[in-house]
Engineer: 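Okay, here's the structure, questions in a sec.
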Amino acid sequence: MTNLELSWALAEMGDLLELKGEEAFKVRAYHRAARALEHLEEEAAGLHVRGELERIPGVGKNLAKKIAELLETGRSTFLEQLRQEVPPGLRDMLAVPGLGAKSVRLIHQHLGITTLEELERAARERKIRRLPGMGSKTELAILRGLDMLKEHRDRVPLGIARPLGRLFCRQIAALPGVTRVEVAGSLRRGRPMVGDVDLLVGVKGPTEVKEVMARHPQVKEVLQEEANRLSLRTWAGVKVEIFLVPDDKFAPAWMYLTGSRAHLEELKRFTAGGRLSPESLGLPSNLEEVAASFSSEEELYSRLGLPYIIPEWREGRGEVLAAREGRLPAPLSPEDIKGDLHVHTCYSDGLHTIREMVEAARARGYRYLAITEHSRSLVVARGLNVEQLLAQREEIARINRELEDFVVLSGIEVDILPDGCLDLEDDILASLDIVIASIHSGFNQTEEQIMARLEAAMRHPWVDIIGHPTGRMLGRRPPYAVNLERLLELAAETGTILEINASPDRLDLDEDAARRAKEHGVILAVNTDAHDTARLDDMGYGITVARRGWLGAQDILNTRELDGVLKALKRNKRKWGQGSPPREERPRP
DNA sequence: GCCGTTTTCGGCCCGACTGTTTTCAGTCG
C-alpha cells in the first residue's frame, strides 16, 4: 500500500471520527498524520519493515499499529468498523460549504438524514430552520452550498483524480498480460474537474485486471462489468472506468477515449469537406478508417497533415484549424520552468525550512526560488511581522552566500487588507526582491470594493505579482467579485504580473482567464504556493492550466532565467529602466 | 490521537465572521 493510499485511509478515519463526535484534538491527529504521509519522501512500507513507522511526525504507537495493519493486509478493521457506524452519506455532507461535523451530526440526529438528497429536501421543506441553533439563513446557506456542489456533481478535482489515476496505472501495469496502461478522457486532457478516471489497458493473452481491480482495497463497489470494461467507485467516491483493448488496437482506442467528442468532431469536419480533402492526402475519406489503422496519435495527426495536438488542446475550441495554420504555440513543458516564485516555509504556515525548500527546488532542476510568507495580519497562517521578515531576509542572504548555482529571492505574500491598504509599510516592501499581493479576507465585498482593492494593489509601486487573483477554491468557494476584464486591463496598464496559482485546490487564474491574459499582453507566473517540499510538484497542475490556455514558455515569467525575471518586475523597471540590473543590485552576493 | 517533558498528563492554532440569540456556537482559513 502506498503512502497516498495510507493518507486517504487516515483522512477518512479522521472524518468519520469527527462525525462520531470524537474529541477535536484526536480528529486533528488523524488528519495531521494523513498529511504527513501524503508528503513523506520515503515509502511508509520501507519504514514499517525497519520498525520505524513512529519516526513519521504525528504518528505514535496507536496510529503506527493502524498503519501497520493497512500495510500488511491492505485493510483496516478500525476503518471498516467506522464505516459500519457512520452512514457514508454523512461524509458527503461535510463537503457542503458552511456545514461542519457538528451541524451534520445535529441534522442527522434530529431528522435522520443520511444523504445529500435528503438534506436538500429537508432544507426545501424548511425543516432545518426548526433545529436548535439553526435558522433561515443557515438553511439558505445549505441550499447555496448544495447548489455549488451540484455544479460539480460527481466531479472530482484534478488534484485527486490525477494521483489516483497514476496509482492505478502503476498497479495495473504490474499485472501479467498487461502491455500498457494510460489515463484517458478528461483526466488526460487535464480538465480541472473530471467526472471519472478513465484508464486504458492494453492486453495480450489472459489477464486478471478486472478481478484484481474489483477487489482492490480502494474500491467500494463495482458499478458495472462487461467483457472489456469495468466500472468502479472508490471509497472516496471517485468513479473509475477501466477499458481493456488488444495491444495492437491501443492507439486508436486511446485517441477515441481521450476525446473530447468536440475535438473528434472537429477532426471529422476537417477531413470531410474542409479546406483539405482527405483524398488529396491519400487518406481514406472518413476518420473511422483512418483511426482504424494508425499505431500512434502522432502518426494519425501527421497523416491528416497536422502537427501533433496535445491532449490539453483537444476541446473542440478551434484547435484543429489553429494547428493547421500554425497558430498554436509550442506548449509549455515542465522543463521550461526555471523556478518557483511563491512558496512558504516554517517561518509562517509552511512545513519545511528555507534550506529544505531550496534543496527540493534544486532537486527539481530550478535555478531560483522566491520565499514569500504571509504577512502579519493573517494570524492563522502565522503571518510575519517586520522583525521576523528582516530576520528571514538575513537567513536568506546567508544561504545565498553558500549557494553556487542557485538564488533564493527574499519576498512576501502581503495581504491586501479590506480597505485596499497593504499589510506592510512601503519601505519594507521596497527592500525585498519580490512582492506578491493577495486577498485573504473580506471575501464577501462587492465587486466595486474588491476591484478597488485589487486596483490599489496593482497601482502600488512595490507590488510585482497578484497572487491567486480570483480567490476561488475549486468546488468549495466561488471567486470573490472580480471583474476579470478590468483586472486584465489594469495588469496590462500597470505592468503587474498575474499568477496562475498551481495548487490543485485553486488553479487560479483558470485556463480561460490565462488565455485572455495573453491576449491583453499580461505576463503570467505559474507558482505553486507550496507549503512543503512535496507540493512543489503542484507545478504540474499549473503547467496543465497554462497548456489548456494555449500558452507557451514565452508567456510565462518563470520560464526565464533569473535576470529575465528580475527585469520583468515592476520594481526593477522603475529602478533600472529597460536595461539589465546592475550587478550590485542583483539579489546575490 | 501525539508530544514533550514538568516522566504521566496537560497542551495542542486562534481570531474573524456569521447566524442565532441576547452571550455564544460553529465554521473557516
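We name chains A, B, ... by the order of the sequence lines, and we start the count at 1 in each one. Keep in mind the model is a prediction, meaning the values are calculated, not measured.
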Engineer: How long is the gap from CG on A:Asn527 to NE2 on A:His468, to the nearest 0.5 Å?
Structural biologist: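 The CG atom of A:Asn527 sits 10.5 Å away from the NE2 atom of A:His468.
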Engineer: Hey, is the main chain of A:Thr528 close enough, under 3.5 Å, to the side chain of A:His342 for a donor-acceptor pair?
Structural biologist: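 Absent.
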Engineer: Tell me whether A:Glu455 is salt-bridged to A:Arg486, with the criterion being a basic N under 4.0 Å from an acidic carboxylate O.
Structural biologist: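 A salt bridge links A:Glu455 with A:Arg486.
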Engineer: Run the ring-ring contact (aromatic ring centres under 6.0 Å, His included) test against A:Phe443 and tell me which residues pass, sequence neighbours left out.
Structural biologist: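 Only A:Tyr480 meet the ring-ring contact (aromatic ring centres under 6.0 Å, His included) criterion with A:Phe443.
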Engineer: Considering every strand shown, what is the Watson-Crick or G-U wobble mate of B:dC12 when both distances are under 3.5 Å?
Structural biologist: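 Because both required distances fall under 3.5 Å, B:dC12 counts as paired with B:dG1.
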Engineer: Rounded to whole angstrom units, what separation is found between the CZ atom of A:Arg144 and the C1' atom of B:dG19?
Structural biologist: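 So the two atoms are 12 Å apart, to the nearest Å.
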Engineer: Would you say A:Phe25 stacks on B:dC2, if stacking means ring centres under 5.5 Å apart and planes within less than 30 degrees?
Structural biologist: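 So no, this residue does not stack on that base, at least one cut-off failing.
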Engineer: Would you mind telling me which residue lines up with the more 5' stretch of DNA chain B, A:Pro418 or A:Leu94, judged by nearest nucleotide?
Structural biologist: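 Upstream on the strand: A:Pro418.
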Engineer: Say whether, by atom type as modelled, one donor and one acceptor occur between the side chain of A:Asp464 and the main chain of A:Val435 under 3.5 angstrom.
Structural biologist: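 Side chain of A:Asp464 to backbone of A:Val435: a pair is present.
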Engineer: Using whole Å, report how far OH of A:Tyr30 lies from C1' of B:dC2.
Structural biologist: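 Distance check: A:Tyr30 OH to B:dC2 C1' gives 11 Å.
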Engineer: Of the nucleotides B:dT20, B:dT18, B:dC12, which has the atom closest to the A:Asn444 side chain?
Structural biologist: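 Closest nucleotide to the A:Asn444 side chain: B:dT18.
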Engineer: For A:Val59, which contact category applies under a 4.0 Å heavy-atom criterion: base, sugar-phosphate, or nothing?
Structural biologist: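 Sugar-phosphate only.
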Engineer: Think A:Lys66 has a side-chain N or O under 4.0 angstrom from the OP1 or OP2 of B:dG1?
Structural biologist: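 For B:dG1, OP1 or OP2 has a side-chain N or O of A:Lys66 closer than 4.0 Å.
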Engineer: Below 4.0 angstrom, N of the basic side chain to O of the carboxylate: do A:Glu511 and A:Arg547 qualify?
Structural biologist: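 A:Arg547 and A:Glu511: not salt-bridged.
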Engineer: Need one value for A:Glu23: base, sugar-phosphate or nothing, where a base atom within 4.0 Å counts as base even if backbone is also close, heavy atoms only.
Structural biologist: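 Base contact.
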Engineer: Quick check, are the ring centers of A:His440 and A:His374 under 6.0 angstrom apart?
Structural biologist: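 Yes, the ring centres sit under 6.0 Å apart.
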Engineer: To the nearest Å, give me how far apart NZ (A:Lys61) and C1' (B:dC2) are.
Structural biologist: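 Computing the A:Lys61:NZ to B:dC2:C1' distance gives 12 Å.
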Engineer: Measure the distance from CD on A:Gln445 to C1' on B:dA16 and round it to the nearest whole Å.
Structural biologist: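 Between C1' of B:dA16 and CD of A:Gln445: 14 Å.
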Engineer: Which whole number of Å gives the distance between the P atom of B:dT18 and that of B:dT7?
Structural biologist: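 To the nearest whole Å, 46 Å.
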Engineer: May I have the distance from A:His374 (atom NE2) to B:dA16 (atom P), rounded to whole angstrom?
Structural biologist: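 After rounding, the reported distance stands at 17 Å.
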Engineer: Between B:dC2 and B:dC13, how many Å separate the two P atoms, rounded to a whole number?
Structural biologist: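 Going atom to atom, P in each nucleotide, I get 16 Å.
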Engineer: Looking across every strand, which nucleic acid part, if any, lies under 4.0 Å from A:Ser136 by heavy atom: base, sugar-phosphate, or nothing?
Structural biologist: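 A:Ser136: backbone/sugar contact only, no base atoms under 4.0 Å.
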Engineer: Spell out, as yes or no, whether a donor-acceptor pair under 3.5 Å connects the side chain of A:Asn558 to the backbone of A:Val526.
Structural biologist: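 Yes, the answer is positive, given that a donor and an acceptor are paired below the 3.5 Å cut-off.
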Engineer: Does B:dC13 have OP1 or OP2 sitting under 4.0 Å from an N or O in the side chain of A:Arg28?
Structural biologist: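 Result: yes.
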Engineer: Please state how far atom CG in A:Leu17 lies from atom C1' in B:dC2, giving the value in whole angstrom units.
Structural biologist: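 The answer, rounded to whole Å, is 14 Å.
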Engineer: Is any side-chain nitrogen or oxygen of A:Thr138 closer than 4.0 Å to OP1 or OP2 of B:dT20?
Structural biologist: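 The answer is yes; a side-chain N or O of A:Thr138 sits under 4.0 Å from OP1 or OP2.
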Engineer: Taking atom C1' of B:dC12 as reference, at what distance in whole Å does atom CZ of A:Arg35 sit?
Structural biologist: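 After rounding, the reported distance stands at 16 Å.
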Engineer: How long is the line joining CD of A:Glu22 and P of B:dC12, in whole Å?
Structural biologist: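 These atoms are roughly 20 Å apart.
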Engineer: Between B:dT5 and B:dG15, how far apart are the P atoms? Round to whole Å, please.
Structural biologist: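 25 Å, rounded to whole Å.
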Engineer: Using the P atom on both, measure B:dG11 against B:dT6 and round to a whole Å.
Structural biologist: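 That atom pair is separated by 14 Å.
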Engineer: Could you pull out all donor-acceptor pairs under 3.5 Å where a side-chain atom in residues 10-17 of chain A meets a protein atom, sequence neighbours excluded?
Structural biologist:
| residue | atom | partner | partner atom | Å |
| --- | --- | --- | --- | --- |
| A:Glu12 | OE1 | A:Arg83 | NH2 | 2.9 |
| A:Glu12 | OE2 | A:Arg83 | NE | 2.8 |
| A:Asp15 | OD1 | A:His31 | NE2 | 3.3 |
| A:Asp15 | OD2 | A:Arg91 | NE | 2.9 |
| A:Asp15 | OD2 | A:Arg91 | NH2 | 3.2 |

Engineer: Could you measure between the two P atoms, the one in B:dC9 and the one in B:dC14, and give it in whole Å?
Structural biologist: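 It comes out at 24 Å once rounded to the nearest Å.
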Engineer: What pairs of nitrogen or oxygen atoms, one from the protein and one from nucleotides 24-26 of chain B, lie under 3.5 Å apart?
Structural biologist:
| residue | atom | partner | partner atom | Å |
| --- | --- | --- | --- | --- |
| B:dG26 | O3' | A:Ser103 | OG | 3.2 |

Engineer: If you pin A:Gly133 and A:Ala29 to their nearest nucleotides in DNA chain B, which one's is more 5'?
Structural biologist: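 Comparing both residues, the 5'-ward one is A:Ala29.
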